[in-house]
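Because the structure is predicted, anything quoted here is derived from the model rather than measured. Any value given below was found using the heavy atoms of this structure, including those in side chains, with hydrogens, waters and symmetry copies removed.
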Amino acid sequence: MSATPRLHVAPDLAAGTTITIDGDQAHYLSRVMRLGPGDAVRVFNGRDGEFAATISEAGKNAVRVALAEQTREQVATPDLWLMFAPLKKDRTDFVVEKAVELGVAEIRPVITERTNSDSVRVDRLGRIAIEAAEQTERLDVPPVREAQKLWAALEGWAETRTLIFADEAGDDTGRPWGGESGRALPLDAMLRGLRDGPAAILIGPEGGFSAAERTRLRGLPFVRAVGLGPRILRAETAAVAALAIWQAIRGDWRG
Ligand code: SAH
């Protein structure tokens, strides 16, 4: 555990150069953390790895930071997107924070038939993503895209990207949760039969997907419907569980 503050910054990074940090981050460093000349920080920008650095000047609106050596090289993030139907504000925040911690490459809110949420504030979610990336030692910040209708988001889909559709229901409309018939393959079994490659996980809203959405999704050539066990999970739990299992079987949790 390192106590040295770690910041995501915009400028290019190279040893021996000096960058300027302004806005909220300058305020955070000089006022909140009370750091000044000579204090150590670490910086990353999503492209150039991570650098050890020292504050050379600290003002209220701008902090100058002198870059010393590169401490980590940039590594590629596994090509996994999270697509999820936005939830209530605090639950959406939770999903974004956990998705960043769990190493997604991109976050794409999608509006489904039963999506029932306040408007999605992508700028605010982007800030949550930056904070989570700073805290979790990631070297990049996954972009949070503008919310799109589900079918619009799937238009022009590159078919090499497997869309992992978390589908809790069976097909029997007369039974609770659609009974046992037509249940999807468990996620771990599906992933073990899949080659490594780009993927996206799709999680529905609290009200689930409609029958029409399920049928249409299952008919798409790049979609694999999967189950996440015998219990119905809240959407945010389903997102965290599915991301963790993908990282363990197809992602960077492997040895
Ligand atoms: N259909 C339910 C619950 C939806 S749960 C209802 O009508 O209330 C929210 C989302 O989490 C689902 O759309 C699905 O994507 C995912 N999910 C939850 N439990 C799951 C499970 N056991 N298997 C697969 N996906 C699940």
From CG (Leu125) to NZ (Lys89), nearest 0.5 Å: 9.5 Å

Hey, is Arg34 close enough to Asp39 for a salt bridge, meaning N to O under 4.0 Å? no

pair Arg214-Phe165: side-chain heavy atoms closer than 4.5 Å: yes

Is a salt bridge present between Glu159 and Arg161, judged by a nitrogen-to-oxygen distance below 4.0 Å? no

Is there a donor-acceptor pair under 3.5 Å between the side chain of Arg254 and the backbone N or O of Gly251? yes

For Thr136 and Glu101, test the side chains for any donor-to-acceptor distance below 3.5 angstrom and give the result as yes or no. no

Do His27 and Val32 touch side chain to side chain, with heavy atoms closer than 4.5 Å? yes

Contacts table for residues 219-242: side-chain donor-acceptor under 3.5 angstrom, sequence neighbours left out:
residue	atom	partner	partner atom	Å
Glu236	OE2	Arg91	NH1	2.1

Under 6.0 Å between ring centres, would you say that holds for Trp81 and Trp157? yes

Partner of Arg6 under salt bridge (charged side-chain N to carboxylate O under 4.0 Å, His left out), chosen from Glu131, Glu134, Glu50: Glu50

Does any part of the side chain of Gln148, heavy atoms only, come nearer than 4.5 Å to the side chain of Met83, both counted from C-beta? no

Determine, for Asp24 against Arg127, whether the closest basic-nitrogen to carboxylate-oxygen distance falls under 4.0 angstrom. no

Please tabulate, one pair per line, all N/O donor-acceptor pairs under 3.5 Å involving side-chain atoms of residues 53-60, not counting sequence neighbours.
residue	atom	partner	partner atom	Å
Ser56	OG	Arg64	O	3.3

Across all chains, not counting sequence neighbours, the side chain to side chain donor-acceptor pair (under 3.5 Å) partners of Arg47 are Asp12

Side-chain contact test, heavy atoms from C-beta onward, threshold under 4.5 Å: evaluate it for Val110 versus Leu202 and give yes or no. yes

Heavy-atom side-chain contact between Leu139 and Glu73 under 4.5 Å: no

Between Thr92 (side chain only) and Leu87 (backbone N and O only), is there a donor and an acceptor less than 3.5 Å apart? yes

